[in-house]
Amino acid sequence: MQNKTALITGGAKRIGAEIARMLHAEGMNIAIHYRSSKDEALQLCNQLNKLRLNSAIILQANLLHIADLPALVNQAAKHWGGLDVLINNASTFYPTPVGEITEAQWDDLMGSNLKAPLFLSQAAAPHLKLSHGNIINIVDVHGFRPMKNHTVYCLAKAGLAM
């Protein structure tokens with residue numbers, strides 16, 4: 001994995017940050033995407049760059065702004081001259097009980113958990129084709145076994161798993 005590049009959405013915290021650390025330890029360059037977790041993204045980026053100079057960058061984007069996604073992918077690819085892995089990790093999670101679901105909740109949860117990964121994958125496909133790269137979609141058990149009161153989240157994760 002030496003000198004390969006990974007773009008990790010939601011890479012500043014929790015699972016995304018652990019994925020970033022693991023891939024970085026294997027020699028990959030890491031583009032850490034964040035929406036609002038700038039402090040955490042900078043802290044992780046600095047940690048990785050102390051271990052290996054110029055091996056990590058941060059990229060801010062709201063993944064619900066679909067028109068901005070090609071630029072996000074292109075920034076990651078341009079920095080190191082290509083893109084080898086896209087990890088669709090970013091996720092929004094909160095309850096949406098049946099009978100109380102709003103259109104705004106639907107748009108938010110489907111957008112971050114299903115729509116954005118699709119359009120990011122589409123934007124990354126030309127780069128990944130050149131590098132014979134991969135797309136990894138992070139899902140959880142609730143895409144297969146629904147969680148009570150999390151209807152829209154479960155639907156979106158089931159879609160992403162497919």
Side-chain angles (χ1 to χ4, degrees), residues 4-26 28-48 55-80 82-96 101-128 133-144 146-147 150-162:
K4 303 281 185 179
T5 298
L7 168 57
I8 306 168
T9 66
K13 300 190 301 187
R14 296 181 294 278
I15 292 171
E18 289 307 311
I19 292 169
R21 288 183 186 98
M22 181 193 71
L23 293 177
H24 186 268
E26 294 296 324
M28 292 191 84
N29 297 316
I30 307 297
I32 304 162
H33 158 265
Y34 71 96
R35 180 182 61 182
S36 58
S37 302
K38 184 175 185 176
D39 292 341
E40 293 91 339
L42 276 172
Q43 183 179 7
L44 177 59
C45 185
N46 290 336
Q47 290 171 2
L48 299 179
S55 60
I57 59 171
I58 63 170
L59 301 171
Q60 194 282 331
N62 181 338
L63 300 183
L64 297 179
H65 298 159
I66 300 302
D68 296 342
L69 301 185
L72 173 66
V73 169
N74 289 334
Q75 284 180 284
K78 183 179 179 182
H79 192 81
W80 292 288
L83 183 65
D84 301 282
V85 180
L86 168 64
I87 301 176
N88 288 310
N89 170 69
S91 178
T92 304
F93 175 81
Y94 52 84
T96 52
I101 300 167
T102 67
E103 186 175 2
Q105 291 170 329
W106 173 271
D107 291 343
D108 182 38
L109 288 163
M110 292 301 269
S112 65
N113 290 297
L114 183 58
K115 185 177 180 181
L118 171 71
F119 284 94
L120 279 164
S121 298
Q122 184 169 274
H127 300 287
L128 297 172
N134 294 293
I135 298 169
I136 300 170
N137 294 320
I138 303 298
V139 298
D140 60 28
V141 68
H142 302 300
F144 306 96
M147 176 192 263
H150 288 75
T151 308
V152 181
Y153 173 82
C154 294
L155 286 168
K157 287 299 184 178
L160 186 57
M162 291 300 112

Could you tell me if the side chain of Met147 sits less than 4.5 Å from the side chain of Tyr153, heavy atoms only? no
What pairs meet the side chain to side chain donor-acceptor pair (under 3.5 Å) rule with one or both residues in residues 59-72, with sequence neighbours excluded? none
Let me see the working for Gln47 and Arg21 under side-chain contact (heavy atoms from CB on, under 4.5 Å), right down to the final yes or no. CA-CA 9 Å; Gln47 290 171 2; Arg21 288 183 186 98; 3.6 Å; yes
Shortest non-hydrogen contact from Ala124 to Val73? CA-CG1, 3.7 Å
For the residue pair Pro117 and Ser112, what are the closest heavy atoms and their distance? CD-O, 3.6 Å
Any donor-acceptor pair under 3.5 Å from His24 side chain to Leu48 backbone: yes
Where is the tightest heavy-atom contact between Leu63 and Ala90, given as atom of each residue plus distance? CD1-CB, 3.6 Å
So CG of Leu160 and OG of Ser91: to nearest 0.5 Å the spacing works out to 9.0 Å
Taking Thr96 for its side chain and His150 for its backbone only, find out whether a donor-acceptor pair lies under 3.5 Å. no
State, with a plain yes or no, whether a side-chain heavy atom of Phe93 is found less than 4.5 Å away from one of Asn113. no
Taking Asp84 for its side chain and Ala6 for its backbone only, find out whether a donor-acceptor pair lies under 3.5 Å. no
Name the one of Leu59, Leu7, Ile57 that satisfies side chain to side chain contact (heavy atoms under 4.5 Å, CB included) with His79? Ile57
Determine whether Asp108 and Val152 satisfy the following criterion, side-chain contact (heavy atoms from CB on, under 4.5 Å), listing intermediate values before the conclusion. CA-CA 9 Å; Asp108 182 38; Val152 181; over 6 Å; no
Pairwise distance CD(Glu40) to CD1(Ile58) - rounded to 0.5 angstrom: 11.0 Å
At their closest point, which heavy atom of Gln122 faces which heavy atom of Pro126, and how far apart are they? O-CD, 3.6 Å
Would you say the side-chain atoms of Asn29 pair up with the backbone N or O of Ala56, donor to acceptor, closer than 3.5 Å? no
Arg35 atom CZ: more than 12 heavy-atom contacts under 6.0 Å: no
Examine distances only and state if a side-chain atom of His33 and a backbone atom of Gly10 form a donor-acceptor pair shorter than 3.5 Å. yes
Of all heavy-atom pairs between Ala158 and Gly143, which one has the smallest distance, and what is that distance? CB-O, 3.2 Å
Return yes if some donor-acceptor pair links the side-chain N/O of Lys157 with the main-chain N/O of Ile138 below 3.5 Å, else return no. yes
Which value, rounded to the nearest 0.5 Å, describes the distance between Thr9 atom OG1 and Asn137 atom CG? 9.0 Å
Taking atom CD1 of Ile66 as the centre, does the number of heavy atoms from other residues, nucleotides or ligands within less than 6.0 Å exceed 12? yes
Measure the spacing between CD1 of Ile19 and CD1 of Ile8 and express it to the nearest 0.5 Å. 6.0 Å
Exercise: identify the closest heavy-atom pair between Asn88 and Ser121: ND2-OG, 3.3 Å
Mind running side-chain contact (heavy atoms from CB on, under 4.5 Å) on Leu44 and Lys13 for me, showing each step along the way? CA-CA 9 Å; Leu44 177 59; Lys13 300 190 301 187; over 6 Å; no
Interatomic spacing from CD1 in Ile32 to CG in Asn89 - rounded to 0.5 Å: 12.0 Å
Step by step, would you call Lys115 with Met110 a side-chain contact (heavy atoms from CB on, under 4.5 Å)? CA-CA 6 Å; Lys115 185 177 180 181; Met110 292 301 269; 5.8 Å; no
